[in-house]
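None of these values were measured; they are calculated from a predicted model. Just so you know, these numbers use all the heavy atoms, side chains as well, and skip hydrogens, waters and symmetry mates.
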Amino acid sequence: MVLTLDIGNSRIKSALFGPSADLVETKTWTSGSWRELTDYSTNHSTTFVIYSTVADEPPTSWSELLAKKGISLKPLTHLSPLPFESQYRTMDTLGRDRIAALAGAIELLPGTNCLIADMGTCLTLDLLIQSEDKLASSEMESNSGKAVFMGGNISPGLHMRLRAMHRDTKRLPMIEARPLDDMLGLDTSSALLHGGLGGMIYEIEGLFDRLSSNFTDLRLLITGGDARLVQKHLKPASLLQPHLVHYGLYQISTLYAA
């Protein structure tokens, strides 16, 4: 069994994968639940753990305990064995969640050109090219035959947009995110919602449309906490995968054994 960990500032999200690459179950843990995670790994006959973190590294004592139990532990970094090449100039600064999402797209949609929209604290939009004919038409080369990460964009996520409009003005209220019910806002609250949520929708659709002119078979793959809300309003067909980062971590874990 392979255990993947997505370590955040206040919680740890885990996914357990079986021998046939099937996702067995997911769980959420409070930050610092290392003893519980050790018991969980042992009880499920885990042999390999891979993690991505935007917070602190796991304690050394936990790493040593896993080693004593014969469980391999690997961090995800830009130096990990990756199933794609990259045109990104600063891979060392690329978010680990973005790296994992790219690998997850390869696991879920092999051979498919993808725009990956991750809707968390920030909105990230990353272009992954896997089709060799489309790679050639874009004048990029892949000597290894791997997929190629072409680059991407980062902008404020939904709640950051809504919070900034309230915080940085004197009279605009803080509103809750909810589905849109029209094309335009009809009062201040709905105008803020349309500017925040609608603006994010148009940003995703706009980039997807522009890229589709060069990559005609482009797919839209979405993930993140706000993905389900945004998906209701997107014009392009999209595939929602809330566990995309975990699928990517699993995909990378297989490369360590290759």
Would you say that T38 contacts K69 through its side chain, given a criterion of any heavy-atom pair below 4.5 Å between the two side chains?
yes

N-O pairing of K27 and E36 below 4.0 Å:
no

Can you tell me how far apart SG (C114) and CG (L239) are? Round to the nearest 0.5 Å.
8.5 Å

Please say whether more than 12 non-hydrogen atoms of neighbouring residues, nucleotides or ligands are located less than 6.0 Å from CD in E25.
yes

Side chains of I129 and L127, heavy atoms from C-beta outward: is any pair under 4.5 Å?
yes

If you look at every heavy atom in T4 and Y250, which pair is closest and at what distance?
CG2-N, 3.8 Å

Atom of T112, atom of Q130 and distance for their closest heavy-atom approach
O-NE2, 2.7 Å

Can you tell me how far the OG atom of S189 sits from the CG atom of L193, to the nearest 0.5 Å?
9.0 Å

State, to 0.1 Å, how close S52 and L76 come at their nearest heavy-atom pair, and which atoms those are.
CB-CD2, 4.1 Å

Between I154 and L158, is there a shared hydrophobic cluster once you connect ILVMFWY residues whose side-chain heavy atoms come closer than 4.5 Å?
no

Decide yes or no for H78 and L94: does some side-chain heavy atom of the first lie under 4.5 Å from some side-chain heavy atom of the second?
no

Joint hydrophobic cluster, V24 plus Y247, side-chain heavy atoms closer than 4.5 Å
no

Rounding to 0.5 Å, atoms CG (L128) and CD1 (I106) come to a distance of 5.0 Å

Report the C-alpha distance between L23 and H246 in whole Å, list the side-chain angles of each, state the deciding distance to 0.1 Å, and finish with yes or no for side chain to side chain contact (heavy atoms under 4.5 Å, CB included).
CA-CA 9 Å; L23 178 57; H246 290 292; 5.6 Å; no

Given the rule in the side-chain hydrogen bond (donor to acceptor under 3.5 Å, both in side chains) test, do D187 and S190 qualify, once you have shown the distances and angles that lead to the verdict?
CA-CA 5 Å; D187 55 32; S190 60; 2.8 Å; yes

Return yes if a side-chain donor-acceptor contact under 3.5 Å exists between D39 and T42, otherwise no.
no

Determine yes or no for a side-chain-to-main-chain donor-acceptor pair under 3.5 angstrom, with H233 supplying the side chain and I201 the backbone.
no

With side-chain contact (heavy atoms from CB on, under 4.5 Å) as the test, pick out the partner of L115 among L221, L207, I222.
L207

If we ignore hydrogens and angles and just use 3.5 Å, is the side chain of W62 paired with the main-chain N or O of W34 as donor and acceptor?
yes

Quick check: do T53 and P75 have side-chain heavy atoms less than 4.5 Å from each other?
no

Check the pair R161, S155 against side chain to side chain contact (heavy atoms under 4.5 Å, CB included), reporting the backbone distance first and the verdict last.
CA-CA 9 Å; R161 294 172 192 233; S155 64; 3.1 Å; yes

In one Ile/Leu/Val/Met/Phe/Trp/Tyr side-chain cluster, 4.5 Å: L162, L229:
yes

Of all the heavy-atom pairs spanning K235 and E205, show the shortest one and how long it is.
N-OE2, 2.7 Å

Between CE on residue M91 and CD1 on residue I99, distance to nearest 0.5 Å
4.5 Å

Check whether any side-chain heavy atom of R171 lies under 4.5 Å from a side-chain heavy atom of T188, and answer yes or no.
no

Do you see a donor-acceptor pair shorter than 3.5 Å between the side chains of H159 and D226?
yes

State whether the side chain of S86 and the backbone N or O of Y88 hold a donor-acceptor pair below 3.5 Å, judged by distance alone.
yes

Please assess L82 against F149 for the test side chain to side chain contact (heavy atoms under 4.5 Å, CB included), listing each intermediate value before the final yes or no.
CA-CA 11 Å; L82 301 178; F149 170 42; over 6 Å; no

Check step by step if side chain to side chain contact (heavy atoms under 4.5 Å, CB included) holds for R96 and Y51.
CA-CA 9 Å; R96 304 300 177 248; Y51 69 89; over 6 Å; no

Result for side-chain contact (heavy atoms from CB on, under 4.5 Å) between P242 and one of V245, L244, L240 points to L240

Validation row: L123, I204 side chains within 4.5 angstrom (heavy atoms)
yes

Decide yes or no for Y256 and I50: does some side-chain heavy atom of the first lie under 4.5 Å from some side-chain heavy atom of the second?
yes

First locate atom CD1 of I71, then atom OG of S45, and finally report the distance between them rounded to the nearest 0.5 Å.
9.0 Å

With a 4.5 Å limit on heavy-atom distance, are the side chains of I252 and P83 in contact?
yes

Of the non-hydrogen atoms in R219 and F208, which two are nearest, and what is the gap between them?
C-CE1, 3.8 Å

Tell me whether F48 is reachable from L73 by hopping between hydrophobic residues (I, L, V, M, F, W, Y) whose side-chain heavy atoms are closer than 4.5 Å.
no

Please name the pair of heavy atoms, one in H194 and one in D182, separated by the smallest distance, quoted to 0.1 Å.
CE1-O, 2.6 Å

Rounded distance [0.5 Å steps], CG in D126 versus CG in L102
5.0 Å

Is there a chain of hydrophobic side chains (I, L, V, M, F, W, Y, each step under 4.5 Å between heavy atoms) that links I175 to M119?
yes

Hey, do the aromatic rings of Y40 and H44 have their centres closer than 6.0 Å?
yes

